[in-house]
Novice: 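The following block contains the structure, expressed as structure tokens.
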Amino acid sequence: MSDADRGARTYRSELRQRQAAETRRRVVESAIEEFGERGYHGATFARIAKRAGVSVETVRANGPKTALLWAAVAVASFGVEGDIEFFDTERGKNMLELREPGAFGAYLGETMLAINEPVAGVWTAVTAAAHGDCEVRDTLAERLVSMRGQVEKVLRVVGERDWLRTDVPFDDLVEALCVITSVEAYVRYVRMDGKPREEYQAFVARTVNDTILRRSSGEAPLS
């Protein structure tokens with residue numbers, strides 16, 4: 001095989017890989033919208049295929065449905081698929097650049113709005129499906145453990161900077177931050193109560209400052 005033939009074959013292979021990645025992205029983005037609008041059981045391969053502009057067979061090849069569901073959660077949350085280490089993301093790196101505790105609450109308010117707003121629909125589909133689907137429920141339980149671990153890592157960094165309140169157990173602070181930053185809290189605040197997204201962002205910032213961080217004038221019990 002000549003160098004030209006090898007070069008042409010490499011080019012065709014790379015082109016196919018790019019096309020496959022682009023198709024996968026369209027399928028997952030369409031799944032985000034379908035799961036968010038119709039729920040897990042209401043979303044079908046046919047509807048996802050129509051929205052993505054591909055065949056049903058192509059969607060099936062990117063399935064199964066539960067895999068598409070979790071791919072949709074990952075892409076809606078962080079823009080990429082797979083397990084993600086928070087401090088490897090741009091937002092995680094930005095947190096490490098914070099230099100004063102007062103900036104932490106504002107940072108989390110902005111960050112959780114940016115994460116929870118796009119994922120709210122598909123996450124609601126996940127939690128609803130978990131009630132009747134053992135596979136979804138088991139995977140959800142695993143994801144919640146992983147998410148708690150990420151929150152714990154964030155608070156350990158905060159603690160190392162001496163910004164964390166010390167009058168309550170560390171595990172209680174982890175649980176509190178899990179609740180404050182949860183998608184469910186966003187859904188309740190914005191989608192159910194109808195409050196503006198800017199108020200949600202301010203709510204997260206204020207609640208983190210009041211609940212998680214050390215108070216300069218003395219600490220109060222976690223309520």
Side-chain angles (χ1 to χ4, degrees), residues 17-18 20-37 39-40 43 48 51-52 59 62-98 103-130 135-136 138-158 174 177-191 197-198 200-201 203-205 208 212:
Q17 290 175 2
R18 287 198 301 270
E22 291 168 0
T23 298
R24 170 72 178 182
R25 185 74 179 193
R26 291 204 308 274
V27 168
V28 173
E29 289 178 347
S30 296
I32 293 170
E33 296 174 353
E34 285 295 324
F35 287 131
E37 292 175 7
Y40 178 67
I48 294 171
R51 193 184 288 261
V59 177
N62 281 275
K65 193 174 182 181
T66 52
L68 276 180
L69 179 68
W70 292 110
V73 168
V75 171
S77 299
F78 291 102
V80 295
E81 294 187 49
D83 294 331
I84 299 166
E85 181 64 38
F86 179 69
F87 286 116
D88 290 337
T89 69
E90 193 64 30
R91 293 190 180 278
K93 293 174 183 177
N94 289 342
M95 181 193 146
L96 296 176
E97 296 299 318
L98 299 178
F104 181 65
Y107 159 83
L108 269 190
E110 178 183 354
T111 296
M112 297 323 302
L113 176 63
I115 293 174
N116 288 340
E117 188 171 49
V119 80
V122 66
W123 186 262
T124 300
V126 167
T127 55
E135 183 178 359
V136 174
D138 290 346
T139 305
L140 174 59
E142 294 173 0
R143 296 302 173 93
L144 290 175
V145 170
S146 176
M147 291 163 65
R148 188 189 188 283
Q150 298 277 14
V151 170
E152 183 174 338
K153 290 178 182 178
V154 166
L155 286 190
R156 290 203 181 280
V157 170
V158 175
V174 173
L177 192 57
C178 285
V179 172
I180 295 166
T181 60
S182 68
V183 187
E184 289 85 352
Y186 168 86
V187 170
R188 171 63 186 271
Y189 203 93
V190 177
R191 296 199 169 189
R197 59 199 297 274
E198 294 80 10
Y200 165 78
Q201 181 175 333
F203 160 77
V204 172
V208 167
I212 304 298

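The figures here come from the full heavy-atom set of this structure, side chains too, leaving out hydrogens, waters and symmetry mates.
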Novice: Can you name the residues that form a side-chain contact (heavy atoms from CB on, under 4.5 Å) with Glu85, not counting sequence neighbours?
Specialist: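 Partners of Glu85 under the side-chain contact (heavy atoms from CB on, under 4.5 Å) test: Asp88, Gln150, Lys153.
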Novice: How would you list, by chain and number, every residue that makes a salt bridge (Lys or Arg N to Asp or Glu O under 4.0 Å) with Arg188, sequence neighbours excluded?
Specialist: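 Applying salt bridge (Lys or Arg N to Asp or Glu O under 4.0 Å) to Arg188 gives Asp193.
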Novice: Going by heavy atoms in the side chains, are Leu113 and Tyr186 under 4.5 Å from each other?
Specialist: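 Yes, close enough: below the 4.5 Å cut-off.
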Novice: Let me have the donor-acceptor pairs involving side chains of residues 65-76, under 3.5 Å, with sequence neighbours excluded, atom names and distances please.
Specialist:
unit_1: Lys65; atom_1: NZ; unit_2: Tyr40; atom_2: O; d: 2.6
unit_1: Lys65; atom_1: NZ; unit_2: Ala43; atom_2: O; d: 2.7
unit_1: Thr66; atom_1: OG1; unit_2: Glu135; atom_2: OE2; d: 3.1

Novice: Please enumerate all residues that pass ring pair (Phe, Tyr, Trp, His ring centres under 6.0 Å) together with Phe203, with sequence neighbours excluded.
Specialist: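 For Phe203 the ring pair (Phe, Tyr, Trp, His ring centres under 6.0 Å) partners, ignoring immediate neighbours, are Tyr189.
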Novice: Kindly write out the residues that satisfy side-chain hydrogen bond (donor to acceptor under 3.5 Å, both in side chains) with Arg26, not counting sequence neighbours, or none if the list is empty.
Specialist: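 Applying side-chain hydrogen bond (donor to acceptor under 3.5 Å, both in side chains) to Arg26 gives none.
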Novice: What residues form a salt bridge (Lys or Arg N to Asp or Glu O under 4.0 Å) with Arg191, not counting sequence neighbours?
Specialist: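 Scan of Arg191 (salt bridge (Lys or Arg N to Asp or Glu O under 4.0 Å), adjacent residues dropped) gives none.
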Novice: Can you name the closest pair of heavy atoms from Leu98 and Ala103 and give their distance?
Specialist: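 What the structure gives for the nearest pair is CD2-CB, 4.0 Å.
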Novice: From Thr111 OG1 over to Met95 CE, what is the distance, rounded to the nearest 0.5 angstrom?
Specialist: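 Answer rounded to 0.5 Å: 9.5 Å.
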Novice: Measuring from atom CD1 of Ile48 to atom CD of Glu34, what distance do you get when rounded to the nearest 0.5 angstrom?
Specialist: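 That separation rounds to 6.0 Å.
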Novice: How would you list, by chain and number, every residue that makes a side-chain hydrogen bond (donor to acceptor under 3.5 Å, both in side chains) with Glu33, sequence neighbours excluded?
Specialist: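 Glu33 satisfies side-chain hydrogen bond (donor to acceptor under 3.5 Å, both in side chains) with Arg51 only.
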Novice: Tell me, please, which residues at least two apart from Phe78 pass ring pair (Phe, Tyr, Trp, His ring centres under 6.0 Å).
Specialist: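 Here no residue qualifies.
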Novice: Who are the salt bridge (Lys or Arg N to Asp or Glu O under 4.0 Å) partners of Arg197, not counting sequence neighbours?
Specialist: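 Scan of Arg197 (salt bridge (Lys or Arg N to Asp or Glu O under 4.0 Å), adjacent residues dropped) gives Glu117.
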Novice: So Ile180 and Val208, do their side chains get closer than 4.5 Å, heavy atoms only?
Specialist: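 When only atoms from C-beta onward are counted, Ile180 and Val208 do touch, with a gap below 4.5 Å.
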Novice: Examine distances only and state if a side-chain atom of Asn62 and a backbone atom of Val27 form a donor-acceptor pair shorter than 3.5 Å.
Specialist: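 Answer holds: no.
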Novice: Sequence neighbours excluded, which residues qualify as side-chain hydrogen bond (donor to acceptor under 3.5 Å, both in side chains) partners of Glu184?
Specialist: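 Expected list: Trp123.
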Novice: Glu97 and Lys93: salt bridge (Lys or Arg N to Asp or Glu O under 4.0 Å), yes or no, with the steps?
Specialist: CA-CA 7 Å; Glu97 296 299 318; Lys93 293 174 183 177; over 6 Å; no
Novice: CG/Leu144 to CE/Met147 distance, rounded to the nearest 0.5 angstrom?
Specialist: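 Between Leu144 CG and Met147 CE, I get 6.0 Å after rounding to 0.5 Å.
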Novice: Measuring only between side-chain heavy atoms, which start at C-beta, is Val151 closer than 4.5 Å to Phe86?
Specialist: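 Not touching, per the 4.5 Å side-chain cut-off.
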Novice: Kindly determine whether Val204 and Tyr107 satisfy side chain to side chain contact (heavy atoms under 4.5 Å, CB included), including the steps that lead there.
Specialist: CA-CA 9 Å; Val204 172; Tyr107 159 83; over 6 Å; no
Novice: How many angstroms lie between CG in Leu108 and CD in Gln201, if you round to the nearest 0.5 Å?
Specialist: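 Going from CG on Leu108 over to CD on Gln201, the span is 10.5 Å.
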Novice: Do side-chain atoms of Thr127 reach the backbone of Thr124 as a donor and acceptor pair under 3.5 angstrom?
Specialist: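 Confirmed, Thr127 side chain pairs with Thr124 backbone.
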Novice: Determine which pairs satisfy salt bridge (charged side-chain N to carboxylate O under 4.0 Å, His left out) with at least one residue from residues 106-116, sequence neighbours left out, and list them in order.
Specialist: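 Residue pairs passing salt bridge (charged side-chain N to carboxylate O under 4.0 Å, His left out), neighbours aside: none found.
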Novice: Between Ser182 (side chain only) and Val179 (backbone N and O only), is there a donor and an acceptor less than 3.5 Å apart?
Specialist: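 Checking the backbone N and O of Val179 against the side chain of Ser182, a donor-acceptor pair under 3.5 Å is found.
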Novice: Which residues pass the side-chain hydrogen bond (donor to acceptor under 3.5 Å, both in side chains) test with Arg25, not counting sequence neighbours?
Specialist: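 Arg25: side-chain hydrogen bond (donor to acceptor under 3.5 Å, both in side chains) contacts with Glu29.
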